[in-house]
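Being a predicted model, the structure only gives us computed values, none of them experimental. Below, chain A is the first sequence line, B the second, and so on; all start at residue 1.
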Protein chains: 2
Amino acid sequence: MARAIITAERLALAAAEVADEIGFEHVTGSAVARRLGVKEPSLYAHIANARELKVRVALLALEELAARAAGALAGRAGRDALVAFADAYRRYAREHPGRYAAARFELDPETAARSAGPRHSEMIRALLRGYDLPEPDQTDAVRFLGGAIHGYVSLELAGGFQHTPRDADASWAWALDTLDLALRCRSTG
Amino acid sequence: MARAIITAERLALAAAEVADEIGFEHVTGSAVARRLGVKEPSLYAHIANARELKVRVALLALEELAARAAGALAGRAGRDALVAFADAYRRYAREHPGRYAAARFELDPETAARSAGPRHSEMIRALLRGYDLPEPDQTDAVRFLGGAIHGYVSLELAGGFQHTPRDADASWAWALDTLDLALRCRSTG
DNA sequence: CTTCCAGGCTAATACAATTAGGCAAATCGT
DNA sequence: ACGATTTGCCTAATTGTATTAGCCTGGAAG
């Protein structure tokens with residue numbers, strides 16, 4: 001090995017930082033190269049194309065987010081687990097908007113399968129065990145909850161709520177209450 | 001006037017078609033120019049820059065979506081209204097994935113204010129009148145419902161549900177039932 | 001009929017993406 | 001220690017998108 005300046009990890013991290021600063025859609029080879037202190041063509045020894053830059057960020061984000069969500073879930077159940085889990089998403093999205101956007105980047109099926117993506121669904125499924133839903137509803141509830149959390153967070157992140165004065169945290173608490181309520185209504189057949 | 005080949009409307013429509021075909025993020029000046037049968041620089045007589053191409057698609061999509069949602073809402077109330085409204089979103093997203101993605105494009109505040117965007121919130125607010133929620137919850141519910149619908153639709157559109165065999169329409173019906181249930185639980189104080 | 005102008009065209013520049021081939025430093029076998 | 005090899009970034013060159021500047025033409029107006 002010669003002097004290792006660029007590694008896959010450094011590259012992904014640099015790209016993630018760029019994403020958080022200027023937005024995921026503006027992650028560009030030159031911006032990442034500049035941040036790493038190398039020339040743009042040097043990147044192509046480590047990635048196949050510009051798309052892979054974004055894929056790396058997506059994988060990093062899914063991983064980080066899964067780790068946070070898992071931490072939030074640890075030792076909690078029922079409503080507590082739901083709130084902690086959803087809060088982990090929301091906090092991550094606020095701290096790392098570019099990475100959060102990256103987590104929704106469309107990966108090809110094999111890559112997606114190897115990513116931390118499926119772990120997210122598994123965690124939601126685990127979370128839902130606290131609500132013992134009838135068997136056939138499990139999958140529906142995973143989709144519903146995943147959609148609801150992501151939808152709320154992404155709308156809030158996009159600034160869609162700024163035109164009404166209502167406090168953001170209060171609305172969020174209301175949404176979580178409502179989700180909890182809905183799931184409890186659904187439970188026990 | 002000389003032969004009017006490009007108009008603002010044609011341009012937006014062409015860009016929207018490109019978006020639906022190859023994805024909103026790949027809407028490019030040359031693709032739109034090709035479709036219109038003109039050379040790329042000719043576009044700049046009608047738009048300021050490439051970003052405006054996307055803005056036009058976003059505005060078109062918000063408008064179309066608002067129209068469909070309004071039609072869905074007409075003459076309905078309560079659960080019926082909720083289902084029709086949400087279905088309108090989901091159907092639009094399936095028929096026009098590129099435009100649906102465009103509807104989430106971040107507009108500058110003034111443009112957003114003049115767009116059909118605010119009408120969407122108003123419609124949700126109107127829809128919620130069928131659930132008479134206590135006053136202070138109104139805004140929270142708008143955010144919650146908007147987020148839930150958008151989140152579910154965008155996750156489904158991204159193919160996030162394909163790894164489980166469960167029927168998509170059944171899951172969707174479950175989600176709508178659950179939303180209705182949650183809102184009814186919240187109603188009347 | 002001639003003048004003007006809307007509306008698209010060609011030419012030219014800048015930046016992002018990508019490929020090809022070079023050069024130096026670190027490594028390895030002897 | 002020493003040359004062969006490999007590793008890892010660099011320069012140069014190509015293509016495509018974004019954008020500006022200035023030209024050219026056909027029809028509207030007088």
Note to self: Could you check whether any side-chain heavy atom of A:D169 comes within less than 4.5 Å of a side-chain heavy atom of A:R90, counting everything from C-beta outward?
What the structure shows: yes

Check: Can you tell me if B:D20 uses its side chain to pair, donor with acceptor, with the backbone of B:R99 under 3.5 Å?
Finding: yes

Item checked: Whole angstrom value for the distance that separates C1' of D:dA13 from CD of A:E40 -> 14 Å

Notebook entry, point to check: Roughly how many Å is it from NE2 in B:H46 to P in D:dT19, rounded to a whole number?
Noted result: 16 Å

Margin query: What is the separation between atom CD1 on A:I47 and atom P on D:dG8, rounded to the nearest whole Å?
Written below: 16 Å

Note to self: Just the rounded figure in Å: distance from C1' of C:dC15 to CZ of B:R51.
What the structure shows: 19 Å

Next item on the list: Calculate the interatomic distance between B:K39 atom NZ and D:dG16 atom P; express it in whole Å.
Entry: 14 Å

Item checked: Under 3.5 Å side-chain donor-acceptor pair for A:R143 and B:T164 -> yes

Check: Distance check: side-chain N/O of A:S42 vs OP1/OP2 of D:dC10, anything under 4.0 Å?
Finding: yes

Note to self: Whole angstroms only, please: what is the CG-P distance between A:L53 and C:dA16?
What the structure shows: 13 Å

Notebook entry, point to check: What distance separates A:L133 CG from A:R125 CZ, expressed to the nearest 0.5 Å?
Noted result: 10.5 Å

Checklist line | Between C:dT10 (C1') and B:Y44 (OH): distance, integer Å | finding: 16 Å

Next item on the list: Please list, by residue number, the residues of residues 23-34 of chain A whose heavy atoms come closer than 4.0 Å to an atom of DNA chain D; answer none if no residue qualifies.
Entry: none

Notebook entry, point to check: Atom CD of B:E52 to atom C1' of D:dA18: distance rounded to whole Å?
Noted result: 14 Å

Note to self: Can you confirm if the aromatic rings of A:Y100 and A:H96 lie within a centre distance of less than 6.0 Å?
What the structure shows: no

Note to self: Looking only at the side chain of B:P41 (C-beta and beyond, no hydrogens), which of the listed nucleotides D:dC10, D:dA18, C:dA11 gets closest?
What the structure shows: C:dA11

Item checked: Side-chain heavy atoms of B:Y131 within contact of B:R186, under 4.5 Å -> no

